[in-house]
Amino acid sequence: MPEFQAPVGTRDVLPPESARWERLIGLFAGRVGRAGYGLVVSPMFEDVGVFERVGEATDVVRKEMYDFEDKGGRHLALRPEGTASVVRAWVQHRPTLPFKAWYAAPSFRYERPQAGRYRQHHQLGVEVLGSADPDLDVEVIALGWGLYDDVGLSRVRLLLNSLGDATCRPGYLDALKTYLLEHRDKLCDEHKTRIDDNPLRVLDCKRPACVGVTERAPRMVDHLCDECAAHFDRVKSGLGELGIAYDIEPRLVRGLDYYTRTTFEFQAPALESAQNGIGGGGRYDGLAEQLGGPPTPGIGFGIGIERVLLACDAEGVFAAPTATADVFVVDVTGEAALKLVQELRNAGVAADRAFGGRSMKAQFKLADRSGAQVAVVVGPDELDRGIAKVRPLRGTGEEEEEVKLEELVDHVKKRLGTP
RNA sequence: GUGGCCGUAGCUCAGUUUGGUUAGAGCGCCAGGUUGUGGCCCUGGAGGUCGGGGGUUCAAGUCCCCUCGGUCACCCCA
């Protein structure tokens with residue numbers, strides 16, 4: 001083992017794996033860009049209060065916060081998720097509404113790592129502030145759905161729920177509390193004491209004891225006020241219009257406290273590990289106000305890059321593209337390659353070469369491995385005559401031919417079909 | 001935070017049960033076979049604090065303790 005390794009729960013993404021990241025992020029950027037979303041780059045750490053304000057009763061904040069004190073005595077935290085940061089940025093700068101943002105950024109949670117779970121993971125996400133229109137909920141969900149489609153995932157489940165709003169949720173919480181208190185002795189130890197704290201969290205508990213109780217618990221979807229019910233109905237019908245299949249999951253409450261109305265989660269059943277959630281989000285109509293802004297509706301999601309790629313592995317799709325050169329310059333004299341690759345690259349051709357005065361045989365080996373279609377060979381004889389030899393490497397049956405150096409770039413481009 | 005399993009070459013692993021000369025293999029890498037031509041083949045080479053520390057012993061990769069790391073699971077989440 002080397003003396004220094006990546007810290008616990010973090011990892012390095014190197015080629016060729018990193019090429020999938022490039023493609024995935026590129027697909028997402030293209031998709032949300034076409035939908036009018038703009039990139040937001042916000043700090044990886046915030047005043048710890050930003051996150052405490054929005055999730056004081058959640059595990060993400062109570063147990064998993066990656067926080068520290070800086071040299072100036074400020075209590076900061078690496079962001080555990082993307083939404084709070086983006087909403088804080090909106091509150092601070094107040095760009096005009098609707099504010100449609102996307103990001104590709106790391107998040108941090110201090111947990112024990114396991115399959116599909118890291119202390120630093122990366123999320124693709126969008127956030128929209130300024131509209132309560134249920135069609136927007138559908139648009140946002142469709143953006144996530146579309147990304148899974150882009151990468152070729154065919155088995156993605158969409159779980160959908162509504163958590164109501166300030167009108168109907170209090171009444172529901174009372175009903176839920178009453179029910180849970182009646183069955184308190186049957187709950188798991190942790191949740192026997194958390195009913196008052198945040199009864200919704202009990203619905204999220206996966207322990208058999210709690211599940212046995214919550215299976216028959218009152219459901220928010222049965223307690224929605226007229227407005228929330230109408231909103232939810234429109235989200236469902238809108239998803240239907242787009243051909244997006246969903247399952248209603250009345251116990252889906254998600255890990256953060258700020259959600260209102262629509263919540264959703266994307267799962268990849270192909271993942272056999274415990275973590276099969278590959279994305280999730282929801283509406284948070286009270287969050288901007290909690291962070292000191294005016295009452296402003298909002299909605300967004302986060303998609304875990306690592307988990308999406310794991311799901312792709314499980315389905316055998318979205319393989320790593322191999323980076324290939326178009327041309328490999330084999331230079332016997334060591335005098336020609338520097339300028340030739342520069343000219344080729346400037347002309348838009350992917351050109352590579354060997355360094356270190358390698359033997360011709362070694363250079364050809366590298367040329368072969370580079371994936372190049374042709375090798376450009378120059379030695380003393382060619383330099384004297386002002387030519388290069390262009391040799392096909394992929395067994396296309398073509399002959400090696402001699403090309404004048406001043407015509408080389410055009411010849412290679414024509415041969416490769418590069419515009 | 002709790003628990004199971006695992007740490008030997010760049011990678012995948014054998015060797016640990018029953019302690020015993022200079023720790024092996026395949027792949028990869030480098031060179032040569034071909035003084036200017038890749039893939040296939042042949043030959044050779046480089047590369048190891050056996051995760052780290054301590055202990056037992058004439059002797060430790062092998063046994064004991066501690067520790068660090070990896071992995072999987074619980075809880076929760078992307």
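A quick note: this is a predicted structure, and the numbers were derived from the prediction, not measured. First the proteins, then the strands, lettered A, B, ... as listed; each starts at 1.
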Taking atom C1' in both rA23(B) and rG48(B), compute the distance separating them and give it to the nearest angstrom.
9 Å
Sticking with atom P, work out how far rA46(B) lies from rU8(B), rounded to a whole angstrom.
23 Å
Of all the heavy-atom pairs spanning Y284(A) and V128(A), show the shortest one and how long it is.
OH-N, 4.0 Å
Partner lookup for rG44(B), please. Criteria are Watson-Crick or G-U wobble with both distances under 3.5 angstrom; report none if nothing qualifies.
rC30(B)
rU2(B) pairs with which nucleotide, Watson-Crick or G-U wobble, both distances below 3.5 Å?
rA73(B)
Taking all heavy atoms of P80(A) and all of S107(A), pick out the closest pair and write down the distance.
O-CB, 3.7 Å
Send over the distance from D59(A) CG to rA78(B) C1', rounded to a whole Å.
15 Å
Residues which pass salt bridge (charged side-chain N to carboxylate O under 4.0 Å, His left out) with K206(A), listed by chain and number, not counting sequence neighbours:
D204(A)
For D247(A), enumerate each residue passing the salt bridge (charged side-chain N to carboxylate O under 4.0 Å, His left out) test, keeping only those at least two apart in sequence or located in another chain.
R157(A)
So R11(A), base contact, sugar-phosphate only, or nothing? Heavy-atom distance under 4.0 Å.
nothing
Can you tell me how far P in rG61(B) sits from the matching atom in rG19(B), rounded to whole Å?
14 Å
Shortest non-hydrogen contact from W90(A) toward T296(A):
CH2-OG1, 3.4 Å
Starting at atom CD of E127(A), determine the distance to atom C1' of rA78(B), rounded to an integer number of angstrom.
13 Å
Distance check, P atoms only: rG33(B) and rG39(B), in whole angstrom units.
14 Å
Does V308(A) or R207(A) map to a spot on RNA chain B nearer the 5' end, using the closest nucleotide for each?
R207(A)
Locate the shortest heavy-atom distance separating T263(A) from Y259(A); write the atom from each residue and the value.
CG2-CB, 3.6 Å
Q363(A) CD to rC30(B) P: how many Å, rounded?
12 Å
Minimum-distance nucleotide (side-chain atoms of R358(A) versus rA78(B), rC76(B), rC30(B))
rC30(B)
Report which part of the nucleic acid E306(A) touches: base, sugar-phosphate, or nothing (heavy-atom distance under 4.0 Å, all strands).
nothing
Sub-3.5 Å pairs of nitrogen or oxygen atoms, protein against nucleotides 70-73 of chain B:
| unit_1 | atom_1 | unit_2 | atom_2 | d |
| --- | --- | --- | --- | --- |
| rC72(B) | OP2 | A115(A) | N | 2.9 |
| rA73(B) | OP1 | A274(A) | N | 3.3 |
| rA73(B) | OP2 | Q114(A) | NE2 | 3.2 |

Exercise: do D47(A) and H75(A) side chains pair donor with acceptor under 3.5 Å
no
Whole-Å distance, E3(A) CD to rG53(B) P, equals 12 Å
Would you tell me if any nitrogen or oxygen in the side chain of R254(A) comes within less than 4.0 Å of OP1 or OP2 on rA78(B)?
yes
Which pairs count as side-chain hydrogen bond (donor to acceptor under 3.5 Å, both in side chains) when at least one residue sits in residues 339-355 of chain A, sequence neighbours excluded?
none
Which residues in residues 137-154 of chain A have a heavy atom closer than 4.0 Å to any atom of RNA chain B?
none
Looking across every strand, which nucleic acid part, if any, lies under 4.0 Å from R62(A) by heavy atom: base, sugar-phosphate, or nothing?
nothing
Between D137(A) and the options R234(A), H231(A), R261(A), the side chain to side chain donor-acceptor pair (under 3.5 Å) test singles out H231(A)
To the nearest Å, give me how far apart CG (D204(A)) and P (rC76(B)) are.
6 Å
Note: P106(A) and M44(A) closest approach over all heavy atoms is CG-SD, 3.3 Å
Polar atoms only, N or O, under 3.5 Å: list the protein pairs with nucleotides 34-42 of chain B and their distances.
| unit_1 | atom_1 | unit_2 | atom_2 | d |
| --- | --- | --- | --- | --- |
| rG36(B) | O6 | D381(A) | N | 3.1 |
| rG36(B) | O6 | E382(A) | OE1 | 3.1 |
| rG36(B) | N1 | E382(A) | OE1 | 2.6 |
| rG36(B) | N1 | E382(A) | OE2 | 2.8 |
| rG36(B) | N2 | E382(A) | OE2 | 2.5 |
| rU37(B) | O2 | R391(A) | NE | 3.1 |
| rU37(B) | O2 | R391(A) | NH1 | 3.4 |
| rU37(B) | N3 | E400(A) | OE1 | 3.3 |
| rU37(B) | O4 | E400(A) | OE2 | 3.1 |
| rG38(B) | N7 | R391(A) | NH2 | 3.2 |
| rG38(B) | O6 | R391(A) | NH2 | 3.3 |
| rG38(B) | N1 | L393(A) | O | 3.0 |
| rG38(B) | N2 | D368(A) | OD1 | 2.8 |
| rG38(B) | N2 | L393(A) | O | 2.2 |
| rG38(B) | N3 | D368(A) | OD1 | 3.3 |
| rG39(B) | O4' | D368(A) | OD2 | 3.3 |

Taking the basic N atoms (NZ, or NE/NH1/NH2) and the acidic carboxylate oxygens, is any pair closer than 4.0 Å for K63(A) and E111(A)?
no
If you take all heavy atoms of R254(A) and R201(A), which pair is closest and at what distance?
O-NH2, 3.1 Å
Does the gap between the ring centers of F108(A) and Y110(A) come in under 6.0 Å?
no
What's the CG-P distance between N276(A) and rC76(B), to the nearest Å?
14 Å
Pick the C1' atom in rC5(B) and in rC41(B), then give their distance to the nearest Å.
42 Å
Using atom CD of E64(A) as one end and atom P of rC76(B) as the other, report the distance to the nearest whole Å.
10 Å
For rC58(B) versus rC63(B), give the span between their C1' atoms, rounded off to a whole number of Å.
16 Å
Given the C1' atoms of rU43(B) and rU34(B), what is the spacing between them in whole Å?
14 Å
P atom, rU21(B) versus rC68(B): distance in rounded Å?
33 Å
M65(A) CE to rG1(B) C1', straight-line distance once rounded to whole Å
17 Å
